[in-house]
Structure formats: C-alpha cells, structure tokens
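Both backbone and side-chain heavy atoms feed into the values below; hydrogens, waters and symmetry mates do not.
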Amino acid sequence: MQYVKQIERIMAGGPTKIIITGTPINFPCRITSFEWGEDDGTGDVSFSITLKEHRKIAISQSSVVAESGAIGGNTSQATSTDTASKDTTKREDTREKPKTYTVKRGDCLSSIARKLTGSSDWHALYEQNKSVIGSNPNFIRDGTVLVIP
C-alpha cells in the first residue's frame, strides 16, 4: 500500500522522470491515470498507470505594457518600455541582396520578384532584363541569368 500512496503523491505533484534500467528510456513525464486493486486476495496489488511525456515550453521574454487610460493607474508617466513598444517603424533589412538570379524550372517573373523583393510587381525586373528575356515577359527560359534592379 505504501507504493500506491507514493504513486498517488507523484500523480498529484508536478512532472516526474521515468527511467527504465537497461533501456534508453529516461524522460520527464506526468502520470495521467492510475488505477489499482487487489484482485485475488493474496495481498498482491495490480495496477494500471498511464504516462504522458512532459515537455518544457520555451517562452521568449515579454513585457507587460499598460495601456493609456488604464483604470486606477497613473498613466501620466511613460516608461522606456512603453515608448519602445509603440515604435512602429520597421527595421531596415541590412542583408545584401543578390545582384543576379538564375531562372529555374517553373519560375515566372512575378514569383522571382516576390522572392527577391517581397512584392510580385515584375515590371521593373522585366524592364531591366528585356534584352535577355525578349518581347514576351511570360516566356523565360531555364538557366537565364537575370540582373536584379
């Protein structure tokens, strides 16, 4: 009976670790169900236990910012975190853009423009490479090297 009470305490508490000797099983888990009973009158206890793997969740650091006009709070002071969180300017992308692009099978000018600029407006790309592409912007050949404007 002492082991039954010990398992019930573990179940009521937080995660525990299961280790099975002679195997690679060694991980944190929670006991989700535990049933036990004395089936045959010998004093032997039989039980059924269900485990669920416990995984720690990585939470990025966050901060709580008071909204202006909060009830009961002093909203006349703004902290540096308040000011920083209201800054809506986008960060400049400092990564160097590729200067050329080699056309792959299935590419079209709008998909290439979207990959390289974030916009599907292909007109500037076509104007820059009209001499290589030709008069039909819908027909570009695999392997064609395009200059990126």
Side-chain angles (χ1 to χ4, degrees), residues 1-126 128-129 137-138 140-149:
M1 265 322 255
Q2 73 181 22
Y3 296 114
V4 169
K5 291 182 188 215
Q6 188 174 1
I7 291 173
E8 287 175 338
R9 276 194 307 272
I10 293 170
M11 184 175 174
T16 189
K17 187 176 247 191
I18 183 166
I19 301 170
I20 301 178
T21 308
T23 71
I25 297 175
N26 179 350
F27 61 90
C29 63
R30 290 185 176 271
I31 300 173
T32 57
S33 72
F34 176 61
E35 298 173 10
W36 62 277
E38 192 177 327
D39 294 334
D40 55 8
T42 63
D44 291 340
V45 175
S46 62
F47 62 89
S48 171
I49 190 166
T50 304
L51 306 173
K52 186 173 189 177
E53 184 177 3
H54 177 77
R55 296 183 184 170
K56 290 185 179 180
I57 299 173
I59 300 174
S60 61
Q61 187 174 0
S62 64
S63 61
V64 177
V65 178
E67 294 288 327
S68 61
I71 298 173
N74 183 356
T75 59
S76 63
Q77 297 176 348
T79 64
S80 61
T81 56
D82 291 341
T83 307
S85 67
K86 293 178 184 176
D87 186 11
T88 59
T89 58
K90 292 185 179 182
R91 289 181 12 186
E92 183 180 338
D93 187 1
T94 57
R95 294 178 291 179
E96 189 171 322
K97 306 275 191 256
K99 305 292 182 205
T100 61
Y101 178 83
T102 305
V103 177
K104 296 173 186 68
R105 184 176 183 182
D107 277 343
C108 64
L109 288 178
S110 63
S111 67
I112 295 168
R114 189 172 30 254
K115 276 185 218 174
L116 300 176
T117 66
S119 168
S120 59
D121 185 12
W122 54 269
H123 294 91
L125 185 60
Y126 175 64
Q128 179 76 31
N129 295 283
N138 294 318
I140 55 174
R141 294 181 193 86
D142 299 348
T144 303
V145 178
L146 303 176
V147 177
I148 309 306

Query raised in the report: Would a 4.5 Å heavy-atom cut-off, applied to side chains only, mark I112 and I140 as touching?
Result: yes
**Report entry** Donor-acceptor pair, side chain of N129 and main chain of V147, under 3.5 angstrom
**Finding:** yes
Query raised in the report: Below 4.5 Å, heavy atoms only, C-beta onward: do I31 and L51 meet side chain to side chain?
Result: yes
Query raised in the report: For D44 and E38, which heavy atoms make the closest approach, and how far apart are they?
Result: O-CG, 3.5 Å
Report task. Answer yes or no: are there more than 12 heavy-atom neighbours, outside W122 itself, under 6.0 Å from its atom CH2? Result -> yes
Report summary line: Rounded to the nearest 0.5 angstrom, the CH2-CD1 distance for W36 and I7 is 10.5 Å
Query raised in the report: When you look at CZ of F27, are more than 12 heavy atoms from neighbouring residues, nucleotides or ligands closer to it than 6.0 Å?
Result: yes
**Report entry** Any side-chain heavy-atom pair of D107 and Y101 under 4.5 Å
**Finding:** yes
Query raised in the report: Near K104 NZ, under 6.0 Å, is it more than 12 heavy atoms from other residues, nucleotides or ligands?
Result: yes
Query - C29 and T16, any side-chain heavy atoms less than 4.5 Å apart - result: yes
Requested in this report: Can you measure from CG (L125) to CG (L116) and round to the nearest 0.5 angstrom?
Outcome: 7.5 Å
Query - Side-chain heavy atoms of L109 within contact of L146, under 4.5 Å - result: yes
Query raised in the report: Of all heavy-atom pairs between T23 and I20, which one has the smallest distance, and what is that distance?
Result: OG1-O, 2.7 Å
Query raised in the report: What are the two closest non-hydrogen atoms of S110 and S120, and how far apart are they?
Result: CB-O, 3.6 Å
Report task. Report the distance from atom NZ of K52 to atom CZ of R30, rounding to the nearest 0.5 Å. Result -> 9.5 Å
Report summary line: Interatomic distance, CD1@I18 vs CD1@I49, rounded to 0.5 Å, equals 7.5 Å
Query - Nearest atoms (heavy-atom pairs only) where P149 meets Q128 - result: CB-OE1, 4.0 Å
